[in-house]
Structure formats: structure tokens, C-alpha cells
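Take a look at the structure set out below.
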There are 2 protein chains.
Amino acid sequence: MRVNQIANEIGVTADTVRFYTRVGYLNPSKNPTNGYKEYGDKERRLLRFILSARQLGFSVEDIGQILSTAERGRSPCPLVRVLIQQRLIETQKSFQDSVQLRERMTSAIETWNQKPDRAPTGEMICHLIEEFDHTAAAVYNGA
Amino acid sequence: MRVNQIANEIGVTADTVRFYTRVGYLNPSKNPTNGYKEYGDKERRLLRFILSARQLGFSVEDIGQILSTAERGRSPCPLVRVLIQQRLIETQKSFQDSVQLRERMTSAIETWNQKPDRAPTGEMICHLIEEFDHTAAAVYNGA
DNA sequence: ACTTGACCTGTGTTCATGACACAGGTTTAT
DNA sequence: ATAAACCTGTGTCATGAACACAGGTCAAGT
């Protein structure tokens with residue numbers, strides 16, 4: 001099985017398979033006649049596992065730790081339970097960041113509907129952006 | 001004004017100031033005796049503008065376009081109105097991604113509370129992750 | 001046997017946005 | 001003068017792949 005075959009079978013791009021190979025999580029054998037990498041059952045199982053873990057928000061490095069724990073025959077489950085808590089916190093944060101950014105953006109768009117375009121001056125580059133920031137700061141300060 | 005002074009005054013790190021200098025948005029003069037960069041009023045205004053725009057979700061490249069439009073004396077406002085719509089779409093997407101990931105994560109954590117740790121086998125690396133993925137796929141398929 | 005063209009491969013590079021490392025210069029205190 | 005503390009610019013690193021590209025392979029046609 002070569003890189004494109006396994007990629008198609010699992011439903012990812014060849015570049016993704018190459019990436020996980022490059023970082024050492026997949027260890028295909030090498031066809032000596034042409035140097036092509038040969039992926040087998042073990043790699044298929046590993047790749048599926050990697051994708052499942054990615055779906056759950058584990059980082060590529062997390063997965064490396066999980067895999068190497070398992071390789072040593074130890075249960076990776078305790079580590080997995082710890083790591084997902086950390087990743088959940090990060091996800092909450094990126095969720096909150098997205099919410100707040102979205103609020104700022106929609107608020108700006110609405111405000112800008114009432115405002116004209118204006119050429120830049122020595123003081124202002126884009127009055128929409130600069131004035132909105134003042135407004136937002138004022139709101140934030142409770143003014 | 002040197003890099004740390006302007007950075008402290010505006011409330012960012014010196015590395016951030018260096019970054020915007022490197023990409024050419026800030027053009028400090030150079031002290032010929034020691035090679036240090038000298039930031040002045042113009043750079044302070046520019047830096048503030050850059051940060052305001054970043055707060056609104058514009059990418060660094062967006063800001064480059066906005067700045068170069070303004071430099072040519074043209075109003076950047078129409079561009080700004082277009083760009084923020086595009087960035088808003090991306091923000092919505094990252095918001096949705098965060099929500100869905102969070103759901104998967106919390107659902108996994110809850111499920112895992114009922115499950116024991118287990119050592120890896122030839123078939124399984126981490127039964128928590130692999131079994132959760134089956135479950136999730138089944139739910140998704142309406143089973 | 002040979003050639004053409006289509007497809008495939010591995011390796012190196014790029015993306016975004018700063019943070020970090022580091023060798024050397026500068027300022028302050030002694 | 002000297003030592004310590006601090007500052008500077010430049011170069012590299014980080015994520016998780018996607019992309020570029022030179023060359024290899026393989027089937028079809030001649």
C-alpha cells in the first residue's frame with residue numbers, strides 16, 4: 001500500500017499521511033527498488049487512531065505521548081484523561097474568544113452602516129476602525 | 001523612543017513591535033551610532049491603528065492592504081467593509097468548530113467516567129478513544 | 001524497443017503571528 | 001575601571017498540514 005492508497009482508504013490527503021510519517025508516528029517499510037513507502041495493517045490502525053484522537057482535540061504532540069506510552073505496554077488512559085481536561089480548557093478559551101470577536105465584529109459592522117467612507121488624513125488612517133475602537137473602549141470603561 | 005519604550009507605552013511586547021517593523025508596517029529611523037531603531041509619533045499612531053484593526057479580526061495581511069491603500073491617499077473604508085465580512089465568516093466558522101469540538105470533548109469525558117483504564121493490546125491503543133469514536137460515528141449515522 | 005503522457009513519489013518549503021534564543025552592545029552602580 | 005543588569009537586532013521555532021517541484025513509474029500506443 002502506498003501513500004495515496006492508504007490516504008484514500010482512510011479519507012485524508014496523502015500529505016496528511018506523509019506528515020504523520022515524517023513525525024514518526026507511522027513507520028512504513030521502504031520498497032528498496034524504488035524507495036516508495038509501503039503502508040500496512042499496522043499503519044492503517046495507527047492512522048485511524050490518530051484521526052480519532054485529533055477529532056477529540058488532542059494535539060499531535062499529545063498523540064505522540066499517548067502512542068509512546070502504549071508502545072511501552074502501559075495504559076495510556078490516565079494520560080488521556082489528564083490531557084483532555086487541558087485541551088478542553090483551551091477549547092473553552094478559543095470558544096470565548098470567538099464569541100467576543102464575533103460580537104465586536106457585528107457591532108462594528110452595524111455601527112459602520114451609519115458612517116460614510118472617508119479619505120485618510122495625517123491623523124486618521126481609517127476613521128471606521130479608529131473611531132470604533134474609541135467607542136468600544138468607552139463602553140468597556142462603563143462610560 | 002526605542003522598541004521597549006514604545007511597546008510598554010502601548011501595552012504590547014517588544015517582540016510584537018519588532019514583528020510589525022519586520023513586515024514593514026512600522027518604519028523607525030535608525031540611530032547611526034548604535035544601530036538601534038528609533039520610533040516616533042508616526043509609529044505610535046500606526047501601531048495603535050494596527051492593534052485596533054487586529055482587535056476587529058483583521059489579519060496582518062489585511063492591515064497591510066489597508067495601510068497601503070491609505071498611503072496612496074485613497075479611502076480604505078470600502079476595502080475595510082469588504083474584508084470584515086470575510087473575516088466574520090471565518091470567525092463564525094471557528095466559533096462553530098469550537099462549539100462542536102467542545103461538545104465532543106465533554107461527551108467523551110462523561111462517557112469515560114464510567115470506563116476503566118485498560119492496557120493496550122495488538123488491536124487497541126486506547127480503548128477510550130477508539131470506542132468513543134465508534135460511538136460518535138454511530139450517533140452521527142443515526143443509529 | 002521506444003516514446004509519450006499521465007500519474008505518482010519523497011523532500012523541501014510555506015503559511016500566520018508573534019514568542020523565544022542568543023550573542024553582543026549599553027547603561028548603571030560600584 | 002569593572003561588574004552586573006539590562007537592552008538590542010537578528011535568526012529560529014511553533015502548529016498541522018498544504019503546496020511546489022524535480023524526478024520516478026507505468027500503461028497505452030506505435
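Lettering follows sequence order; numbering is per chain, from 1.
Taking a pair as Watson-Crick or G-U wobble with both distances under 3.5 Å, DNA chain C forms stems of 3 or more consecutive pairs at C:1-30 with D:1-30.
When distances run from any side-chain atom of B:Tyr20 to the nucleotides D:dC19, D:dC7, C:dG18, the shortest one goes to C:dG18. Counting only heavy atoms from C-beta on, A:Glu61 has its side chain closest to D:dT15 among C:dT17, D:dT15, D:dA18.
Using modelled atom types, one finds no donor on one side chain facing an acceptor on the other under 3.5 Å when comparing A:Ser94 with A:Asp97.
Residues from residues 35-43 of chain B that place a heavy atom under 4.0 Å from any atom of DNA chain D, listed by number: B:Gly35, B:Tyr36, B:Lys37.
At D:dG16, none of the side-chain N or O atoms of A:Thr16 fall inside 4.0 Å of OP1 or OP2 (strictly under the cut-off). For the pair A:Ser59 and D:dT15, the criterion of a side-chain N or O lying under 4.0 Å from OP1 or OP2 is not met.
In the hydrophobic cluster analysis, where Ile, Leu, Val, Met, Phe, Trp and Tyr join through side-chain heavy atoms closer than 4.5 angstrom, A:Leu79 is grouped together with A:Phe58.
One cannot find a donor-acceptor pair under 3.5 Å joining the base of C:dG18 and the side-chain atoms of B:Arg22. A donor-acceptor contact under 3.5 Å is not formed by the side chain of B:Arg18 with the base of D:dG11. Taking 3.5 Å as the limit, the base of C:dC7 and the side chain of A:Asn4 contain no donor-acceptor pair of atoms between them.
Side chains of B:Tyr39 and B:Leu47 form no contact here, defined as non-hydrogen atoms less than 4.5 Å apart.
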Derivation and outcome, side-chain hydrogen bond (donor to acceptor under 3.5 Å, both in side chains), residues B:Asn31 and B:Thr33: CA-CA 6 Å; B:Asn31 183 327; B:Thr33 76; 2.9 Å; yes

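Ring geometry, A:Tyr20 versus A:Tyr25: the interplanar angle falls under 30°, so the pair is classed parallel (tilted spans 30 to 60°).
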